[in-house]
2 protein chains.
Amino acid sequence: MLKEERQQLILQKVNRERKILSKDLSEFLKVSEDTVRRDLNELAGKGMILKVHGGALATRQKIYTYDEASISNLEEKKTIAEKAVSLIRENHVIIVTGGTTNFELVSMIPDHLSITVYTYSLSIAMILTEKPNVEVLFIGGKLLKNAQVTVGIDVIKALSQVHADLCFLGTSALSVTEGLTEINYEVSHVKKAMIEASDNLVLLCTEEKLNMVERYKVCPISRVGTVVTSLSQNTLKRKYANFLATGVDFI
Amino acid sequence: MLKEERQQLILQKVNRERKILSKDLSEFLKVSEDTVRRDLNELAGKGMILKVHGGALATRQKIYTYDEASISNLEEKKTIAEKAVSLIRENHVIIVTGGTTNFELVSMIPDHLSITVYTYSLSIAMILTEKPNVEVLFIGGKLLKNAQVTVGIDVIKALSQVHADLCFLGTSALSVTEGLTEINYEVSHVKKAMIEASDNLVLLCTEEKLNMVERYKVCPISRVGTVVTSLSQNTLKRKYANFLATGVDFI
DNA sequence: ACCAAAAATGCATAAAAACGCAGAAAAATG
DNA sequence: CATTTTTCTGCGTTTTTATGCATTTTTGGT
């Protein structure tokens with residue numbers, strides 16, 4: 001690997017994750033920590049990163065992909081993503097919505113895994129360009145500016161032509177009685193279409209979304225195949241027995 | 001093999017594979033590494049590649065963020081973008097391809113301007129989410145990972161339903177005899193469809209792309225409405241009279 | 001203040017680049 | 001057409017660069 005190539009990778013990783021350890025870089029790039037340090041020194045010399053003891057920090061503040069430092073409950077979301085990624089099998093066709101939990105999910109897809117991903121989120125698509133064996137199909141339509149996802153009739157029509165094994169939905173709110181609900185009207189329709197297009201529905205759900213209800217209905221809880229949370233089975237039994245009683249698979 | 005011929009091959013290979021080793025080039029071209037290095041030095045002198053220890057990298061990198069530091073010929077591109085943005089009128093429907101020059105163009109769209117933009121580039125779409133009065137329609141399809149644009153039959157089909165006032169195309173290569181040509185086969189097809197969908201074709205073209213030819217034909221020069229360069233009319237007359245003779249409007 | 005981890009330093013080695021040169025080929029010149 | 005000049009290319013030599021390892025120094029936490 002060329003030195004500049006390596007430095008580009010470092011820069012990319014630092015800017016994405018806000019911070020990075022020399023040790024991790026050394027392992028990731030398969031070079032000695034010495035070399036990593038030299039690279040970090042050069043990049044820091046150009047002001048492209050901030051070198052600190054043990055690694056480096058990003059200097060750039062404005063980034064368009066998600067900035068992990070600004071994701072709330074990052075650890076919880078990483079736990080969820082880790083569980084969720086284990087549901088994906090070689091050659092699967094999956095649909096992924098937007099949101100920070102799904103962002104962690106696609107970041108964790110291993111390099112060797114060959115799958116096809118449909119998505120309507122710009123940031124998710126960007127991350128996926130780095131996965132060598134993932135075929136990405138972007139669902140076009142009207143761009144919703146705040147969420148950076150496409151919506152509208154074009155999206156629904158495109159989804160009607162799709163057949164996926166799994167659908168990973170970010171969750172706005174989940175309740176036993178109202179099922180899955182959504183803040184945004186247009187997004188609720190797109191999610192319905194995504195569910196229609198998939199054999200199996202997986203919800204990525206942080207604890208704060210449980211027992212919540214939003215304005216627009218997406219689907220009843222019976223339609224959900226699997227809910228992925230960061231909670232242990234014990235905690236679930238203790239605090240969320242009402243969900244377990246619905247028969248939906250919680251992992 | 002002619003020197004020029006060899007350098008064309010190098011350029012192609014670098015742009016296609018993003019990086020290349022001198023050693024591999026030497027073997028591939030059946031010349032000494034010395035000669036390869038001399039070629040790389042010449043190309044790097046013209047800013048067409050980035051020469052590094054062990055080989056070379058493409059100057060055209062992925063744009064993840066609005067990181068102006070990594071854009072080559074930034075000033076030239078800003079000049080071009082400034083001229084180009086003045087062609088846009090209130091309520092226009094425009095199509096924009098990818099590339100760094102278009103990136104500058106959309107960045108310069110004033111906040112008050114109400115227009116509709118079709119694009120197939122993730123980075124362009126991301127920038128446009130910041131423009132309050134721009135309606136963005138993203139053209140979905142298979143994602144080309146290095147360029148971060150969508151291609152394929154879905155893109156062509158979607159474009160067949162579009163009617164735009166203006167089409168701003170980034171330019172890979174422009175010559176009087178071969179017209180507009182493109183490095184990537186799939187992109188060449190998408191560009192054809194974009195041209196079909198528009199009343200008026202505008203090329204954003206840095207000087208280094210003039211009198212160059214790539215493998216895949218997009219359209220003859222007669223189909224081009226306006227070419228936007230950073231050059232003055234005087235310079236154009238002096239150095240590029242052959243283009244002016246075609247009757248195409250150069251600004 | 002002590003200790004483990006991280007960083008700097010010096011050194012060795014291999015790879016790549018630069019340099020100078022020479023011969024062959026191509027282009028220019030009279 | 002002959003010959004002079006220029007360009008192109010490869011080779012041997014020297015210089016520079018990149019990288020890892022061993023050793024010493026610094027740092028930050030407890």
Side-chain angles (χ1 to χ4, degrees), chain A residues 1-60 68-69 74-75 78 111, chain B residues 1-62 69-70 72 175 177 208 210-213 239 242:
Chain A
M1 176 176 308
L2 297 169
K3 193 182 75 160
E4 277 71 11
E5 200 185 355
R6 202 177 51 226
Q7 295 191 354
Q8 280 181 12
L9 281 175
I10 292 176
L11 211 51
Q12 186 183 306
K13 230 177 157 57
V14 171
N15 280 328
R16 165 113 20 82
E17 299 176 20
R18 201 90 256 189
K19 76 157 189 196
I20 193 83
L21 305 178
S22 312
K23 220 178 133 199
D24 293 350
L25 276 178
S26 158
E27 197 181 324
F28 174 67
L29 299 165
K30 310 242 186 295
V31 292
S32 73
E33 283 190 54
D34 254 331
T35 303
V36 168
R37 262 194 291 276
R38 273 186 277 243
D39 284 337
L40 294 182
N41 276 329
E42 277 190 45
L43 291 170
K46 294 187 220 157
M48 309 185 76
I49 59 169
L50 185 68
K51 190 172 174 310
V52 296
H53 242 85
L57 304 173
T59 46
R60 253 215 323 267
E68 291 205 332
L74 181 58
E75 281 314 309
K78 285 197 173 182
D111 278 356
Chain B
M1 176 179 307
L2 267 42
K3 194 181 80 162
E4 300 297 327
E5 196 185 352
R6 203 176 51 227
Q7 295 193 356
Q8 286 272 38
L9 279 175
I10 291 177
L11 212 49
Q12 264 185 27
K13 227 175 158 59
V14 171
N15 279 327
R16 201 162 299 153
E17 299 170 26
R18 208 179 59 82
K19 80 151 188 192
I20 194 82
L21 306 179
S22 313
K23 220 177 133 197
D24 294 350
L25 274 178
S26 157
E27 199 180 321
F28 174 69
L29 299 165
K30 310 244 185 293
V31 292
S32 74
E33 283 191 52
D34 252 331
T35 303
V36 168
R37 261 194 292 276
R38 274 185 277 245
D39 284 337
L40 293 181
N41 276 329
E42 278 190 44
L43 292 170
K46 294 185 218 158
M48 309 185 78
I49 59 169
L50 183 70
K51 189 173 175 308
V52 298
H53 234 84
L57 303 172
T59 42
R60 187 154 144 43
Q61 304 287 344
K62 271 196 208 178
S70 64
S72 64
S175 98
T177 52
E208 63 180 8
L210 291 173
N211 285 318
M212 297 290 287
V213 179
K239 293 176 69 177
N242 56 336

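Convention: sequence-line order gives letters A, B, ...; per-chain numbering from 1. Atom set for the values below is all heavy atoms of this structure, side chains included, hydrogens, waters and symmetry mates excluded.
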Would you please name every residue forming a side-chain contact (heavy atoms from CB on, under 4.5 Å) with [X], sequence neighbours left out?
X: B:E33; value: B:S22, B:K23, B:S26, B:R37
X: B:E5; value: B:M1, B:L2
X: B:D24; value: B:L21

- Is there side-chain contact between A:I49 and A:L57, with at least one heavy-atom pair below 4.5 Å?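 Not in contact.
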- Message: Within the structure provided, determine whether A:I10 and A:L29 are in side-chain contact (heavy-atom separation under 4.5 Å).
- Response: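 Side-chain contact under 4.5 Å: yes.
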- Item | Qualifying residues under salt bridge (Lys or Arg N to Asp or Glu O under 4.0 Å), relative to A:K19, sequence neighbours excluded |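 Counting only residues at least two positions away or on another chain, A:K19 forms no salt bridge (Lys or Arg N to Asp or Glu O under 4.0 Å).
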- Kindly calculate the angle separating the two end axes of the helix from C:dA1-D:dT30 to C:dG30-D:dC1, each obtained from five base pairs, and round it to 10 degrees.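 The angle separating the two end axes equals 50°.
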- Message: For residues 39-51 of chain B, which residue pairs pass the side chain to side chain donor-acceptor pair (under 3.5 Å) check, not counting sequence neighbours?
- Response: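 Found B:K3-B:E42, B:R6-B:D39, B:Q7-B:D39, B:Q7-B:E42.
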- Message: Both B:K3 and A:K30 contact DNA chain D. Taking the nearest nucleotide for each, which residue is further toward the 5' end?
- Response: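 This one resolves to B:K3.
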- With nearest nucleotides of DNA chain D determined for B:V31 and A:S32 from heavy-atom distances, which residue corresponds to the more 5′ nucleotide?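 In this pair, the answer is B:V31.
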- Task: Only counting residues at least two apart or in another chain, list the ones meeting side-chain hydrogen bond (donor to acceptor under 3.5 Å, both in side chains) with A:D34.
- Result: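 With sequence neighbours excluded, A:D34 shows a side-chain hydrogen bond (donor to acceptor under 3.5 Å, both in side chains) to no residue whatsoever.
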- Task: Working to the nearest 0.5 Å, report the span between CZ of B:R18 and CD1 of B:I20.
- Result: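 Separation between the atoms: 12.0 Å.
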- What are the 5'-most and 3'-most nucleotides of DNA chain D lying under 4.0 Å from any heavy atom of chain A?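 Contact span on the strand: D:dA18 to D:dT27.
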- Item | Between C:dA18 (P) and B:D39 (CG): distance, integer Å |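 The answer, rounded to whole Å, is 13 Å.
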- Item | Length of the CG-P vector between B:L21 and C:dA16, whole Å |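 Computing the B:L21:CG to C:dA16:P distance gives 8 Å.
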I'd like a list of close polar pairs between nucleotides 6-9 of chain C and the protein, N/O only, cut-off under 3.5 Å.
unit_1	atom_1	unit_2	atom_2	d
C:dA6	O3'	A:G54	N	3.1
C:dA7	OP1	A:V52	O	3.3
C:dA7	OP1	A:G54	N	2.6
C:dA7	OP2	A:R37	NH1	2.7

- Item | Residue pair B:L40 / B:A56: nearest heavy atoms and the distance that separates them |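 Taking B:L40 first and B:A56 second, the nearest heavy atoms are CD2-CB, 4.1 Å.
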